[in-house]
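Following: one structure in structure tokens, then a few remarks.
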There are 2 protein chains.
Amino acid sequence: MSRSGGTADDPGDPQLAAKKEAGAAAADRFVRSGMRLGLGSGSTAIWAVHRIAELLDAGKLTDIAGVPTSPATEELANQLGVPLTTLDEYPRLDVDIDGADEVSPDLDLIKGGGGAHLREMVVAQASDHLVIVVDDTKLVPALGATHALPVEVLPMAERPEREFLESLGASVVKRTTPDRGVFLTAQGNPILDAAFGPIANPAALKLRLDERAGILAVGLFIGYRPTVLVASADGAQRVRTLSPAS
Amino acid sequence: MSRSGGTADDPGDPQLAAKKEAGAAAADRFVRSGMRLGLGSGSTAIWAVHRIAELLDAGKLTDIAGVPTSPATEELANQLGVPLTTLDEYPRLDVDIDGADEVSPDLDLIKGGGGAHLREMVVAQASDHLVIVVDDTKLVPALGATHALPVEVLPMAERPEREFLESLGASVVKRTTPDRGVFLTAQGNPILDAAFGPIANPAALKLRLDERAGILAVGLFIGYRPTVLVASADGAQRVRTLSPAS
């Protein structure tokens, strides 16, 4: 589930340049003064937060507040001076800018490579407009083609839900941290990465998984009709925009 | 959401006597040596745990292990010497004995008056047979008739989910403790008690609520086909058995 990514110290990395370009484009095109925002997680969405901070510093944006989707994004926003708020203060947001692990031709998504998909979905459901920023390696012919589906489970239900996912045909791996410990979400729960291969009917699969009491969050984002900004790592194209069919 | 109940020091309370009788009857009729059990929560189901302990002490049951649905039930089982296990050891259970706040004519249930409905549903889904023990005040013509629907929410999503429940017509109250603090579940989340009045289509409502990312558990148990043992507080009848239509 790792993203190859690069760092700010590695300006020659074309995939990193693409991520930065997509993130900055989302802020430039969709964020306006006075908006309440969702601030996504992951290696592309964080560049929207950087760009919002630049625009605030330059006086080109004012009266912005964002709801972070992960502790990492909250920390980044605090470091960069992007004002934060909560869904308790603003239960509806104007625009949510986030990344994705896979984008299907219907603009449905797999998210959760960073393990933040529960909060990411809460924020997406609270937002009038979802803007997804990706590099073009995330475009797939069918969800599940390249990534396992992240499934956050209640600790006591890990084995029954693993067996349920396996009964649906998935190969299931419990997510670990880089040092081989158990990965836990911000809520303290493990994630089962369920590799289904290409998923024929993602909406039907989501219904079956939502019904399971021990499954707390499934990284399938179906029917959100996002605007998707796609940057290419080969540098041959500018950022492309994919919009939902009307 | 309070249960009137009584205590073991109040043997003359007919509702308490009914709860005890229903709980004991469930253990007598459905628990056999060698079984793996779900041990429910609440003021009736705990009497099944008491009866199982008596049967173990008397040597009439052996090789029993139960998965508790709440910290309170875990503590009770430990006090009484009922062996405990986990779904990690036994992902399938033979029989789950639990209570309910409402039982409809179709034997669908509202649960969660004690706030344990997330774990209770995990255990019910893992069980081959659900046995529900209630006194006859819990039988209702339609779910929602007498009780609000308990909805466990992610703390950050409390206001959006409250507004979503209200948009569906519910009157919503955040649950408090007896000393007016915020009630938190074993997972550390608040509960919104959503009073809908009689619910015309509980299955459709559950689907809409399951889809919400910030709603972690809804106390609607639909389609479990439980055996329901009903004890009457007036003492005129023995424990009645309601079974699902075949």
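To find a chain, count down the sequence lines: A is the first, B the second, and so on, and within it residues start at 1. For the numbers below, each heavy atom of this structure counts, side chains included, while hydrogens, waters and symmetry mates do not.
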key: More than 12 heavy atoms of other groups within 6.0 Å of B:Arg208 CZ   =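 Not more than 12 within 6.0 Å, no.
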key: B:Glu211, CD: over 12 other non-hydrogen atoms inside 6.0 angstrom   =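 No.
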ask   = Is the side chain of B:Glu158 donor-acceptor paired with the backbone N or O of A:Asp88 at a distance under 3.5 Å, no angle test?
value = no
Please flag which part of [X] lies under 4.5 Å from any non-hydrogen atom of chain B: side chain, backbone, both or neither.
X	answer
A:Val218	neither
A:Ile215	neither
A:Glu163	side chain
A:Arg162	neither
A:Glu161	side chain

ask   = Where is the tightest heavy-atom contact between A:Val122 and B:Ala213, given as atom of each residue plus distance?
value =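 Closest heavy-atom pair between A:Val122 and B:Ala213: N-CB, 3.7 Å.
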message = Please report the interatomic distance CE(B:Met121) to CZ(A:Arg212), rounded to the nearest 0.5 Å.
response = 11.0 Å
Taking side chain as C-beta onward, heavy atoms only, is [X] less than 4.5 Å from [Y]?
X	Y	value
A:Leu154	B:Arg119	yes
A:Met156	B:Thr86	no
B:Leu216	A:Leu118	yes
B:Leu87	A:Arg159	no

query = Side chain, backbone, both or neither: which part of B:Gln187 has an atom under 4.5 Å from a heavy atom of chain A?
reply =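 Side chain of B:Gln187 only, per the 4.5 Å heavy-atom cut-off to chain A.
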